[in-house]
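Just so you know, these numbers come straight off a predicted model, no measurement behind them. All ligand and atom numbering here is 1-based and tracks the order in the structure.
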Amino acid sequence: MHEPKARVGHGFDAHRLVEGRPFILGGVRVPFEKGPLGHSDADVLTHAVCDALLGACALGDLGAHFPDTDPQWKDADSLRLLAACHELAVRKGWTIANIDATVVVQQPKLAPFVGAMRDSLADVLGLEVERISVKAKTSEGMGYTGDGTGIAAYAVVLMEALGGKESAI
Ligand SMILES: [Zn+2]
């Protein structure tokens with residue numbers, strides 16, 4: 001059977017924005033009066049990247065691996081989840097070529113923090129920062145990402161075969 005040398009993965013995540021929650025994106029704390037509501041730290045960018053990694057390997061989604069009913073993931077640092085997803089992908093025989101992610105939210109302005117987010121994700125994944133793109137967009141006031149109700153993130157990842165036989169998990 002023909003073995004693909006590369007696979008693509010796509011991830012999406014969204015969380016409600018509420019007062020009294022820290023606003024953490026890509027492991028970076030952004031000062032803002034609201035933050036994403038969730039069981040873990042609700043890091044929407046990191047969650048989208050996790051789902052892209054899992055998706056590329058056809059390993060299901062984040063919720064299947066780290067259920068939000070499990071108390072060990074309450075307020076968890078999502079970078080830990082990302083490291084675990086990356087480990088699953090590596091064990092399947094895949095390495096990350098590049099990641100491209102987009103966060104959609106009206107406020108706060110994320111541009112000043114994008115560099116730190118890229119550094120943070122690169123650090124956890126052991127990649128050069130040039131392989132990781134993070135873009136911040138608004139939806140021009142439209143919908144739940146535009147009226148302050150919520151925040152969304154999308155990510156795509158290209159995975160390359162590490163070479164050799166696919167290892168069993
Ligand atoms: Zn999430």
Side-chain angles (χ1 to χ4, degrees), residues 8-90 92 94 96 98-111 113-125 127 132-139 142-159:
V8 68
H10 172 258
F12 167 78
D13 195 34
H15 285 266
R16 191 174 287 277
L17 285 177
V18 298
E19 290 183 7
R21 287 274 302 180
F23 193 112
I24 296 168
L25 271 184
V28 175
R29 178 80 180 258
V30 176
F32 193 52
E33 68 258 24
K34 293 196 215 173
L37 179 65
H39 183 68
S40 67
D41 62 9
D43 182 337
V44 70
L45 168 59
T46 300
H47 290 179
V49 173
C50 285
D51 263 5
L53 280 174
L54 294 172
C57 304
L59 286 170
D61 67 13
L62 200 56
H65 291 272
F66 308 101
D68 63 10
T69 50
D70 187 337
Q72 78 164 300
W73 305 113
K74 172 134 175 58
D75 298 322
D77 178 350
S78 291
L79 294 180
R80 279 174 55 216
L81 305 183
L82 178 59
C85 291
H86 184 225
E87 175 67 22
L88 289 171
V90 168
K92 272 280 213 179
W94 297 99
I96 297 169
N98 75 300
I99 292 170
D100 184 19
T102 302
V103 180
V104 188
V105 74
Q106 200 70 26
Q107 283 188 305
K109 292 290 173 231
L110 299 177
F113 304 96
V114 160
M117 292 175 203
R118 293 176 65 208
D119 286 341
S120 163
L121 295 172
D123 190 46
V124 170
L125 297 169
L127 293 175
I132 299 178
S133 159
V134 174
K135 307 190 295 301
K137 305 281 285 185
T138 74
S139 53
M142 296 180 288
Y144 70 91
T145 55
D147 65 8
T149 305
I151 180 169
Y154 304 81
V156 288
V157 59
L158 184 70
M159 308 290 283

- If only atom types and distance count, is the side chain of S78 paired as donor or acceptor with the main-chain N or O of L81 below 3.5 Å? no

- Task: Verify, without hydrogens or angle tests, whether R118 (side chain) and I132 (backbone) share a donor-acceptor contact under 3.5 angstrom.
- Result: yes

- Query: Under the 3.5 angstrom rule, does the side chain of H15 hit a backbone N or O of L37 as a donor-acceptor pair?
  - Reply: yes

- Is the number of heavy atoms from other residues, nucleotides or ligands under 6.0 Å of F66 CZ greater than 12? yes

- If only atom types and distance count, is the side chain of K34 paired as donor or acceptor with the main-chain N or O of G148 below 3.5 Å? yes

- the Zn ion (ligand 1) neighbourhood, protein N/O/S only, threshold under 2.8 Å: D13 OD2, H15 NE2, H47 ND1

- Contacts of K135 that satisfy salt bridge (charged side-chain N to carboxylate O under 4.0 Å, His left out) - sequence neighbours left out: D100

